[in-house]
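Notes to accompany the following structure.
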Amino acid sequence: MEKRALRADSERTAQAILEAAERVLSDNPAATMEQIAEAAGVSRTTVHRRFASRDALVDAMTLWATQQFHNALASVRPDVTPPLVALYQVTAKVLSVKLRWGFAMNAHPAEEGVLTPDVLAQCDVFFRRLEESGALRPGVDLVWARRVYCALIHEAAQDQDSADPDALATRVVDTVLGGFGKPGVTMG
């Protein structure tokens, strides 16, 4: 029983360090491990014991953010949710993760980050479902549509004036449907 309590405490500490690192590094990308430790409420040695280097910490942050991104996608179940509903829900949830974990998600190039081959394959299936449902114009280049969609999400997450994932999701979905949608198809 005590071993489980220690493991849970260790996981909470690691999580606190990751969250503090995201906040601190978002404000100051040159922040020190000591500043991160202070923000997490732990000693610098605790941070170094968990993460051997700053690069290891950033890698762990990116891995954590990537997992949150995957969890957001999976929670919508875009393979069975009505395509237009899924488009909005996936967009809002992904934006929520990107807004919360922006430093970590931008720490590595997209090819090495969350846009793994598995995620891209899921997106391609999702865009095929949109096309099959009649939400997209026939003959739309689905790979291009997916690439534009991902770029729109990235750009929307950079909009510091609007940190509301729902409002940003509406703008992204409206833009996608305006550019690739079949005339008359809207979210409303």
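Inter-residue side-chain proximity for Val176 and Val148 is flagged as unmet; no heavy-atom pair is nearer than 4.5 Å. Taking 4.5 Å as the limit, every side-chain heavy atom of Asp166 sits out of range of all side-chain heavy atoms of Thr170.
Smallest separation of non-hydrogen atoms from Ala65 and Met105: CB-CG, 3.6 Å. Minimum heavy-atom separation, Leu95 to Pro165: CD1-O, 4.0 Å. Considering every non-hydrogen atom in both Ala135 and Leu177, the closest pair reads O-CD2, 4.2 Å.
Contacts of Glu19 classified as side chain to side chain donor-acceptor pair (under 3.5 Å), with partners at least two apart in sequence or in another chain: Gln15, Arg100. Every residue meeting the side chain to side chain contact (heavy atoms under 4.5 Å, CB included) condition with Ser26, not counting sequence neighbours, appears here in chain and number order: Glu22, Phe103. Taking the side chain to side chain contact (heavy atoms under 4.5 Å, CB included) definition, one finds that Ala31 meets it with Val24, Leu25, Asn28, Gln35, sequence neighbours left out. Among residues two or more places apart in sequence or in another chain, the side chain to side chain donor-acceptor pair (under 3.5 Å) test is passed with Thr175 by none. For the side chain to side chain donor-acceptor pair (under 3.5 Å) test, no residue two or more places apart in sequence or in another chain qualifies with Ser53. Residues passing the side chain to side chain contact (heavy atoms under 4.5 Å, CB included) test with Ala86, sequence neighbours excluded: Val76, Pro78, Thr81, Phe126. In terms of the side chain to side chain donor-acceptor pair (under 3.5 Å) criterion, residue partners of Asn71 (sequence neighbours excluded) are, by chain and number, Gln67.
The list of side chain to side chain donor-acceptor pair (under 3.5 Å) pairs with a residue in residues 144-155, not counting sequence neighbours, reads Thr91-Tyr149, Asp124-Arg146. Among pairs with a residue in residues 126-143, none fulfils side chain to side chain donor-acceptor pair (under 3.5 Å), at least two apart in sequence or across chains. The stretch residues 37-53 participates, sequence neighbours left out, in no salt bridge (charged side-chain N to carboxylate O under 4.0 Å, His left out) pair at all.
In this structure, Gln68 CD and Leu63 CG are separated by 10.0 Å, a value rounded to the nearest 0.5 Å. Note that the CZ atom of Arg171 and the CD1 atom of Ile153 stand 13.5 Å from one another [nearest 0.5 Å]. For the atom pair CZ (Phe127) and CD (Gln122), the distance works out to 13.0 Å, reported to the nearest 0.5 Å. Here the NE2 atom belonging to His48 is positioned 9.5 Å from the CG atom belonging to Leu57, to the nearest 0.5 angstrom. Between atom CG of residue Asp59 and atom CZ of residue Arg54 there is a gap of 11.5 Å, rounded to the nearest 0.5 Å. With rounding to the nearest 0.5 Å, the separation of CG in Leu142 from CG in Leu130 is 8.5 Å.
Checked by atom type and distance alone, the side chain of Thr62 pairs as donor or acceptor with a backbone atom of Ala104 at under 3.5 Å.
Both Val97 and Leu120 are members of a single hydrophobic cluster when ILVMFWY side chains are connected at heavy-atom separations under 4.5 Å.
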